[in-house]
Amino acid sequence: MFKRITALTSVLFVASCTMTSTEVNTTQAPEKNYNFVLDDAADPHAMVENGTVYIYPTHGQWKRQFYAFSSTNLVDWQKHGPILDFDDIKWLPDNKRPWAPGTIKRNGKYYFYYSAGPMPSNIGVAVSDSPVGPFKDSGVALVKDQNQHKDPAKRNGPRFEAIDAMPYKDPQSGKYYLYAGGSAGSTLRVFELNDDMISIKQEIKVDTPEKFTEGAFIHYHNGMYHFTYSHGRFNKANYSIYYSTSQSPTGPWTFRGNLMKSDEHFKGPGHHSIIRSEKTGKWYMVYHRWENVEGEGPYRNPDNRRKTAIEEMFYDDNGFIKPINMTAQGVGKVSF
């Protein structure tokens with residue numbers, strides 16, 4: 001199993017920003033469809049539009065650029081970008097790196113919420129007319145760290161790290177929310193966005209659900225809000241996906257347990273998103289994992305970075321998500 005990047009297929013010039021698209025092919029034995037789908041791609045936020053799946057990951061995280069990947073079948077992927085370059089964002093210090101973005105569409109515009117770490121971390125937002133950019137930054141931080149002083153006596157509240165932004169439109173109310181937080185403090189915060197999508201209308205006070213560390217994701221199905229998230233340390237075997245539910249997009253949460261965890265073949269599944277095929281009605285979890293590693297971690301190898309994989313997701317007779325096993329086969333070609 002291997003990946004190869006083919007020659008440059010297109011160059012788009014928009015204003016002064018150069019965009020490139022590159023086809024990412026997966027060589028497969030005819031009787032198998034392999035996971036992983038993207039290499040060096042962690043924290044994948046997936047979005048479906050007009051039959052195309054877009055994934056926005058942490059990619060080449062020690063550089064200062066974001067890229068997008070698109071596919072119409074979950075097997076053949078095209079790389080786009082850079083869609084946002086931190087060197088073009090003047091308010092960001094030079095030591096900040098691009099992590100864990102999330103994207104949403106509203107009124108014909110695409111809003112790209114991104115993390116800039118390490119601490120003190122910030123969440124910013126950039127806007128584009130296209131799901132593959134280029135995105136133009138709003139010019140200011142949207143959300144900032146709180147109470148990260150090393151001396152606990154000098155903190156005036158729970159620690160909060162401004163990372164892992166997840167935008168969400170509530171299908172019941174039509175309101176737009178931003179879910180964020182984790183890691184240093186493992187605190188969840190939820191904000192209602194203004195109509196401009198680049199500013200905060202209000203913060204909604206929420207409880208942090210059991211086992212929450214980072215990587216929030218929420219979706220609505222069968223009259224229930226399904227809130228899924230990562231638990232543990234990102235580069236260790238205890239990194240895993242847990243699950244709570246609610247009758248509201250802001251809780252209170254009912255803990256439902258573990259959905260995905262390390263096994264003998266793959267380690268540290270986490271920071272995921274969930275998508276649905278309109279053609280088939282099937283659901284899929286898009287997540288990252290470590291491959292070709294052993295033990296409990298930490299896993300650190302510049303030649304073996306986290307990889308994005310995809311598994312089909314099922315609900316039980318009571319409407320709850322069933323635990324998911326990681327596979328080497330993946331889901332094969334799927335139409336959206």
Give a yes or no on whether the backbone of [Y] and the side-chain of [X] come within a donor-acceptor separation of less than 3.5 Å.
| X | Y | result |
| --- | --- | --- |
| Ser240 | Lys261 | no |
| Asp316 | Phe320 | yes |
| Thr327 | Gly330 | yes |
| Asn292 | Asn304 | no |

[Y] and [X] aromatic ring geometry - parallel, tilted or perpendicular at 30°/60° bounds:
| X | Y | value |
| --- | --- | --- |
| Phe217 | His272 | tilted |
| Tyr114 | Phe66 | tilted |
| Phe227 | Tyr179 | tilted |
| Trp283 | His219 | tilted |

Test of ring centre spacing under 6.0 Å for [X] and [Y]:
| X | Y | answer |
| --- | --- | --- |
| Tyr225 | Tyr220 | yes |
| Tyr299 | Trp290 | yes |
| Tyr168 | Tyr177 | no |

I need the [X] [atom1] to [Y] [atom2] distance, nearest 0.5 Å.
| X | Y | atom1 | atom2 | answer |
| --- | --- | --- | --- | --- |
| Ser335 | Glu278 | OG | CD | 13.0 Å |
| Lys201 | Asp196 | NZ | CG | 11.5 Å |
| Ser262 | Asn238 | OG | CG | 7.5 Å |
| Ile274 | His221 | CD1 | NE2 | 10.5 Å |

Side chain to side chain donor-acceptor pair (under 3.5 Å) partners of [X], counting only residues at least two apart:
| X | result |
| --- | --- |
| Ser138 | none |
| Tyr243 | His226 |
| Ser115 | none |

| message | Looking at Tyr67, I'd like to know if the NZ or CZ of Lys79 sits under 6.0 Å from its six-membered ring centre while staying within 45 degrees of the ring's axis. | response |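 Yes - Lys79 lies over the ring of Tyr67, closer than 6.0 Å to its centre and within 45° of its axis.
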| said: Check for me whether Arg189 meets the cation-pi criterion with Phe160, that is, NZ or CZ under 6.0 Å from the six-membered ring centre and within 45 degrees of the ring axis. | reply: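 Satisfied, under 6.0 Å and within 45°.
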Is it the case that [X] and [Y] place a side-chain donor and acceptor less than 3.5 Å from each other?
| X | Y | answer |
| --- | --- | --- |
| Thr245 | Arg256 | yes |
| Asn50 | Thr52 | no |
| Ser199 | Asn194 | yes |
| Ser230 | Glu214 | no |
| Asn35 | Glu311 | yes |
| His45 | Thr103 | no |

Considering residues at least two apart in sequence or located in another chain, which fulfil the salt bridge (charged side-chain N to carboxylate O under 4.0 Å, His left out) criterion with [X]?
| X | result |
| --- | --- |
| Glu49 | Lys105 |
| Asp195 | Arg106 |
| Lys169 | none |

| Any chain of hydrophobic side-chain contacts (each under 4.5 Å) joining Met326 to Phe36? | no
| request: Kindly determine whether Ile241 and His231 satisfy side chain to side chain contact (heavy atoms under 4.5 Å, CB included), including the steps that lead there. | output: CA-CA 6 Å; Ile241 298 174; His231 170 76; over 6 Å; no
| Going through the checks in order, is the side chain to side chain contact (heavy atoms under 4.5 Å, CB included) test met by Trp253 and Phe212? | CA-CA 11 Å; Trp253 313 109; Phe212 177 84; over 6 Å; no
| request: Looking only at non-hydrogen atoms, find the nearest pair between Pro118 and Lys96 and report the distance. | output: O-NZ, 2.6 Å
| note | Residues Ser130 and Phe135: closest non-hydrogen pair is O-CZ, 3.7 Å
| said: Working note: Val286 + Ser273, criterion side chain to side chain contact (heavy atoms under 4.5 Å, CB included); need CA distance, chi angles, decisive distance, verdict. | reply: CA-CA 5 Å; Val286 183; Ser273 48; 3.9 Å; yes
| Asp43/Arg306 under side chain to side chain contact (heavy atoms under 4.5 Å, CB included): CA gap, chis, key distance, verdict | CA-CA 9 Å; Asp43 314 322; Arg306 292 169 292 176; 4.1 Å; yes
| Does Asp39 come within less than 4.0 Å of Lys307, counting only side-chain N to carboxylate O? | yes
